[in-house]
Amino acid sequence: MQFIDFKKEHFKEDENTNDFVIEISKAEIGFDEIKVQERKDDEIYEDADYQITDDPLKITIRMKKPADIRVNF
């Protein structure tokens, strides 16, 4: 399994919902299912509370607050 790490600065605030979103191209991560984990301490990652919107070209991850995350694919 591969992964990409994102910093909380990568998230953009959705002013309509007050959620924070990040978009990832499917060309970057492929078309399989993904798992999102939130960084807690130095290298400790736990399952994050998130929602995914899946469209043909990209994945949108939506969270209540920005966080350092790891996207496993």
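Note that the structure is predicted; figures quoted are calculated from it, not measured. Side chains are part of it too, since the values below use all heavy atoms of this structure and drop only hydrogens, waters and symmetry mates. The first residue in the sequence is number 1, and the count goes up from there.
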Does atom CD of Glu33 have more than 12 heavy-atom neighbours, drawn from other residues, nucleotides or ligands, at distances under 6.0 Å? no

Less than 4.5 Å apart, side chain to side chain, heavy atoms only: is that true for Gln37 and Lys35? yes

Contact check, side chains of Arg70 and Val36, non-hydrogen atoms, under 4.5 Å: no

What closest approach, in Å, do Phe20 and Lys64 show between heavy atoms, and which atom pair accounts for it? CD1-O, 3.4 Å

Stepwise, does the salt bridge (Lys or Arg N to Asp or Glu O under 4.0 Å) test hold for Glu13 with Lys65? CA-CA 9 Å; Glu13 185 172 7; Lys65 62 180 179 75; over 6 Å; no

Do the side chains of Asp14 and Arg62 get close enough for a salt bridge, i.e. N-O under 4.0 angstrom? yes

Side chains of Asp5 and Asp68: closer than 4.5 Å at any heavy-atom pair? no

For Lys26 and Asp54: C-alpha separation, side-chain torsions, deciding distance, then whether salt bridge (Lys or Arg N to Asp or Glu O under 4.0 Å) applies. CA-CA 9 Å; Lys26 284 197 175 177; Asp54 190 354; 2.4 Å; yes

Locate the shortest heavy-atom distance separating Ala67 from Phe11; write the atom from each residue and the value. O-CE1, 3.2 Å

Report yes if some heavy atom in the side chain of Ile52 is under 4.5 Å from a heavy atom in the side chain of Ile59; otherwise report no. yes

Going from NZ on Lys8 to CD on Glu38, what distance comes out if it is rounded to the nearest 0.5 angstrom? 9.5 Å

For residues Ile69 and Met63, report the shortest heavy-atom separation together with the two atoms involved. CG2-SD, 3.9 Å

Where the side chain of Asp41 meets the backbone of Ile44, is there a donor-acceptor pair that is under 3.5 Å apart? no

Would you say Ile24 and Phe3 are hydrophobically clustered, going by side-chain heavy atoms of ILVMFWY under 4.5 Å? no

Minimum side-chain heavy-atom gap Phe6-Ile61 below 4.5 Å: no

For the residue pair Lys58 and Glu28, establish whether any side-chain heavy-atom pair is separated by less than 4.5 Å. no

For Ile34 versus Tyr50, what's the shortest heavy-atom pair and its separation? O-OH, 4.1 Å

Regarding Gln2 and Asn72, is there a side-chain donor-to-acceptor distance under 3.5 Å anywhere? no

Side-chain contact, heavy-atom cut-off 4.5 Å: Glu46 with Lys40? yes

